[in-house]
Every structure is written in structure tokens, then in C-alpha cells.
Number of protein chains: 2
Amino acid sequence: MRIQSRVLGAVEQDLKKAGFPPLAWYDALLELSRAPGGEMRPVELEKQMLIPQYSTSRLIDRLVEEGLAARRECKMDKRGLFVEITEAGRDLQKRMWSAYSAAIERHVGSKLSDADAAKLCGLLDRLGCSCDQAAQMSPNTAATR
Amino acid sequence: MRIQSRVLGAVEQDLKKAGFPPLAWYDALLELSRAPGGEMRPVELEKQMLIPQYSTSRLIDRLVEEGLAARRECKMDKRGLFVEITEAGRDLQKRMWSAYSAAIERHVGSKLSDADAAKLCGLLDRLGCSCDQAAQMSPNTAATR
DNA sequence: GACTATTCCATGCAGGCGCATTTAATCAAG
DNA sequence: CTTGATTAAATGCGCCTGCATGGAATAGTC
């Protein structure tokens, strides 16, 4: 817990000092930029990022507010919508990656050999294994399933 | 990051379902209960728990509000004060431990042998090593040193 | 076709955090 | 003793989160 908090904090600080928004924005922009057509449903995004539903909704709010993404109507299912990344969004994602990758290298890569990193992954994966799947999702969604 | 979030989330959920307050309260109560006389200065608590200064101040607020701790005057240094754990505080700490230890065993202990746990610790420690010390502290404190 | 259940997304509210600043006491010089 | 710097703790403000709920569209049932 201690180490995770330190490393994540350090990386976020690096990004902030470089004048970039929080990591969550990067994660979302990356997912969107990889999606076919640069657009996806909020539900998809939610599943990819493992964050609760309302959190997705508000993250999209902020991205739209900054002109990094746009909400588009979904004709197949009028409850839903599409989120589409804009050019500005793609651009920011790329620029953030340079700072982000440097931070990762600085705070993680440079401290562990590839073999050690693999060992670490292996050990951590065992912890995640049978963690009941509902627990890390939206409590909302989890409760109703 | 993913695993840490899951495991911590699962443990916190277990505590919450058992009707207990957040983990941070337990950490604070444990520190206090171990301190000589059951009391310590906020600054000490801050260092032990690796959380920022204002966060300590507010955590103490909540503990006091619930009657788990009390603020006592500090005669040597009138800027400061002592936080003293109450009987109710000691009691809660003990009751929480039963739920907390069970959660740890369930989500961590049962999934890793002692040897594996030791390996994991070793690998993680290397990540925390030369992480610049100021970064994980209060930005306030960090900036002025 | 009417009714209920379910899914998708948004939002009001309360609480917590980070940041900056404030207040008050101590320390360090001259 | 006075002045300025430093340290301890608290707090106002804005943002983010979690929880619960709301409204709108769809799917399933008889």
C-alpha cells in the first residue's frame, strides 16, 4: 500500500508539474483513441477503466468541457450515446505520453530489471485472481447483478 | 495499480459491511494505542501515517467528534497539543482488528505463501527506495524544506 | 398491447482531499 | 527587547468521490 501510494503519487506529481491533467484523463483518451472511429459507449469505457458508472459520466463531462471529446447521439439505442475523441484530444494524449512514459521510467523502470518486473507481475496477479469480481466495479452495478 | 486498487477496495468494503469506519481511522487508533500514555502529537501521527498535515488535522477532528480520542493541551509548546485515545477508541481499535485481520487473510494471506510474500516485499521495497522523500509527504511541508 | 423489469446515463447531496492561507507560539539574531 | 523566520495546527475554497436516486429508452412477459 505504501509503495503504491508513493509511486502513483510521484508519477501524478510529475504530470502535474509538466502542466498536464490527471492520469485518469490520459487513460480515457488512450482508450478512446484506440477505439475504432475514435468513439465508444460510456459503458465500454467504464468496463475498460474499472471505474464506477457515475465516475465515467463525470470524467466525460470534463473531457467535453475542455474540448477533448464530444458526445454524439446513438441512433441504435436512444438511451445511450457515443463519446468521440477530438483532434485536440488525440493531440493531448500524445503529448501526455511523453511525460507519462518518462515518469514511469523514472519511478519504476529504472528500479527493476525486466526479470524482476515479470516476477512482480506474477506475484501481484495471484492477489487479483479470485477477488470477487463485483467488488471492484461500481457498487451500483454490482448490487443489481 | 490495478491489483492494489482491488485489494484495498475489497478490504475496505469488508470493514464497511461489518459496520466499521474507514481504514485510516484504524491506523490512527493503532498508532495512538501504541504510543506511551496513549497520546501523541499530531506531527508524530502525521509522520507515522505518511499523510499530509491538514489530513491529520481533520482525521483527529472526526475521531474527537466520535469520542474516540480527545485533544489535550500541550504545556511545553503552546502551539501544539496532544491527542489522547479514549477507552472507546481502544475498544473500537480492538474490535476493528478482528474484522481487519480476517479481511487481510481473506484477500492477501490466503493467496500467497510466506516465501512469496517475502519476495513481493523485496521487490516493492526497491521501488520505494530512492523515491525522493519529499514527494510522498505534505506538499506544504515538502515545499518549505 | 399494457406492465414490469432492466439498462444507460445524469445529477443532487454529503463528505473527503489538495492547495493555499491564517493564527498563534517558538526560535534566532542583533 | 524587538524583529523576522520557522514551526504547529486549523480552515476556507474548489474539486472529486461515493451513494442514492431520477428520467428515459428498451426488453421481457403474459
Side-chain angles (χ1 to χ4, degrees), chain A residues 5 8-10 12-13 15-17 21-25 27-28 39-47 49-66 69-83 134-145, chain B residues 5 8-10 12-13 15-17 21-25 27-28 39-47 49-66 69-83 134-145:
Chain A
S5 155
L8 179 58
E12 289 259 26
Q13 281 304 316
L15 278 197
K16 179 177 280 188
K17 278 174 192 162
L23 255 181
W25 291 36
D27 291 338
E39 64 179 15
M40 57 196 302
R41 302 282 296 268
V43 201
E44 301 296 326
L45 197 55
E46 186 187 324
K47 283 176 195 161
M49 297 184 59
L50 295 178
I51 57 179
Q53 178 267 321
Y54 50 81
S55 192
T56 314
S57 176
R58 283 164 177 155
L59 180 52
I60 294 171
D61 276 351
R62 286 166 228 146
L63 294 180
V64 170
E65 233 168 82
E66 298 294 328
R71 284 187 227 255
R72 290 170 38 108
E73 188 193 6
C74 172
K75 286 162 190 166
M76 303 84 103
D77 185 342
K78 282 189 177 173
R79 290 171 302 185
L81 51 81
F82 279 108
V83 189
Q136 89 286 4
M137 299 188 58
S138 155
N140 223 344
T141 315
T144 59
R145 282 191 180 165
Chain B
S5 157
L8 180 57
E12 290 260 25
Q13 281 304 316
L15 278 197
K16 179 177 279 189
K17 279 175 193 162
L23 256 181
W25 291 37
D27 291 338
E39 63 179 16
M40 58 196 302
R41 301 282 295 269
V43 200
E44 300 296 325
L45 197 56
E46 185 188 326
K47 282 176 194 159
M49 298 184 59
L50 297 177
I51 57 179
Q53 178 267 322
Y54 50 80
S55 192
T56 313
S57 176
R58 283 164 177 157
L59 180 52
I60 294 171
D61 276 350
R62 287 165 229 146
L63 294 180
V64 170
E65 235 168 80
E66 298 293 328
R71 285 186 227 257
R72 290 171 35 108
E73 187 194 6
C74 173
K75 286 161 188 167
M76 303 84 102
D77 185 340
K78 284 190 177 172
R79 289 169 302 184
L81 49 81
F82 278 108
V83 189
Q136 89 285 2
M137 301 189 56
S138 155
N140 224 340
T141 315
T144 59
R145 282 194 183 166

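Proteins come first, then strands; the chains are lettered A, B, ... in the order of their sequence lines, and each starts at number 1.
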Which nucleotide in the list D:dT26, D:dA10, D:dT6 gets nearest to the side chain of B:R79?
D:dT6

At under 4.0 Å, does any side-chain N or O of B:Y54 touch on OP1 or OP2 of D:dA10?
no

For A:D77, answer base if it contacts any base atom (sugar-phosphate contacts may also be present), sugar-phosphate if it contacts only those atoms, and nothing otherwise; contact means non-hydrogen atoms under 4.0 Å.
sugar-phosphate

Among D:dT17, C:dA10, D:dA10, which nucleotide has an atom closest to any side-chain atom of A:R62?
D:dT17

Would you call B:S5 and A:L50 a side-chain contact if the rule is heavy atoms closer than 4.5 Å?
no

Under-3.5 Å donor-acceptor pair between B:Q53 side chain and D:dA10 base
yes

OP1 or OP2 of C:dC9 sitting under 4.0 Å from any side-chain N/O of A:R71?
no

Residues A:L8, A:L23; criterion side chain to side chain contact (heavy atoms under 4.5 Å, CB included); working and verdict:
CA-CA 10 Å; A:L8 179 58; A:L23 255 181; 4.0 Å; yes

Does A:P42 or B:S55 map to a spot on DNA chain C nearer the 5' end, using the closest nucleotide for each?
A:P42

Is any side-chain N or O of B:K78 closer than 4.0 Å to OP1 or OP2 of D:dT7?
no

Regarding B:R58, tell me which of base, sugar-phosphate or nothing describes its non-hydrogen contacts under 4.0 Å with the strands shown.
base

Mind calculating the distance between CE (B:M76) and C1' (C:dT26) to the nearest angstrom?
14 Å

Give a yes/no answer on whether the side chain of A:K16 brings an N or O atom under 4.0 Å of OP1 or OP2 in C:dG18.
no

Over all strands shown, is B:I60 touching base, sugar-phosphate only, or nothing at heavy-atom distances under 4.0 angstrom?
nothing

